[in-house]
Amino acid sequence: MNVKAPLVYINVAMRNWRAWAKLGVNAVSNPGGMFPSMSLDFPVSLGAYHFARTPDDPIVAHLLFVPTEPNVGLGMREQYRAGRTKLYTMTFGDFETNIRDEMTRILGPGGFVFDRDVAGITVNRWAHGYAYTPESLTDDPAVQKVRAEVARQPIGRVTIANSDAGWDAYTDVAIDEAHRAITEIAAMA
Ligand SMILES: Cc1cc2nc3c(=O)[nH]c(=O)nc-3n(C[C@H](O)[C@H](O)[C@H](O)COP(=O)(O)OP(=O)(O)OC[C@H]3O[C@@H](n4cnc5c(N)ncnc54)[C@H](O)[C@@H]3O)c2cc1C
């Protein structure tokens, strides 16, 4: 069964990135934490918009949160369902508390002060984010392939697109599946 993975992207608007510069990092891997990655925005300028050129400039940091229930013997499908339940029960305050805690512990040694340096936070939650991608520990790829083919069979004149139909999370798969679905309709005509 294709169980979607929940996914949360967080933007932390900061008044400066002096602490990051002082510590010599633009991205942090934090595998034991709630946010396994934190990274500064990419240095891209578009038209009148210019990226933050000096550590005194305001910038956005991107934080990732994948709600799961690890280390209690659950498979990925059960973990995604449990993670979704967890996500539905979390308040914005829960996020702010944890962002404050982890950013302070990671960046505090560089002089970061949450209340002074953070101007705002957005939390974007996708309860059904990534389509399920079979993993080799417990999924048999051959079985998944057959199941996927069965699940995306046309129903009457309705054909099935979406990245789910290709059992992978990414846009290239969604495009391939949309092309297949349209080709199936064209063949019916
Ligand atoms: C946070 C996040 C980050 C991502 N980052 C990347 C990335 O960096 N690179 C990458 O390749 N992929 C990324 N993806 C995955 C990418 O977004 C998906 O692969 C892609 O959007 C799937 O396209 P789709 O057409 O299959 O489905 P969707 O984009 O989900 O489109 C389905 C559409 O159907 C609509 N819909 C649903 N039900 C109905 C209904 N009953 N009637 C009418 N309309 C309906 C929905 O509103 C939606 O607009 C990311 C996904 C998330 C959530």
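Keep in mind it's a predicted model, so treat the numbers as computed, not measured. All ligand and atom numbering here is 1-based and tracks the order in the structure.
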Would you say [X] has more than 12 foreign heavy atoms packed within less than 6.0 Å of its [atom1]?
{"X": "F51", "atom1": "CZ", "value": "yes"}
{"X": "K145", "atom1": "NZ", "value": "no"}
{"X": "H50", "atom1": "NE2", "value": "yes"}

**OP:** Quickly, which of T138, N2, D139 forms a side-chain hydrogen bond (donor to acceptor under 3.5 Å, both in side chains) with R77? Name it, please.
**Re:** D139
**OP:** Would you please classify the geometry between the W126 ring and the Y9 ring as parallel, tilted or perpendicular, with 30° and 60° separating the classes?
**Re:**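 Answer is perpendicular, since the angle exceeds 60°.
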Subject >> Contact residues of ligand 1 (heavy atom under 4.0 Å), by chain and number >> reply: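 The 4.0 Å shell around ligand 1 contains L7, Y9, W126, G129, Y130, N162, S163, A169, Y170, T171, A174.
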**OP:** May I ask you to decide whether R180 forms a salt bridge with D176, counting only side-chain N to carboxylate O separations under 4.0 Å?
**Re:**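 No, R180 and D176 are not salt-bridged.
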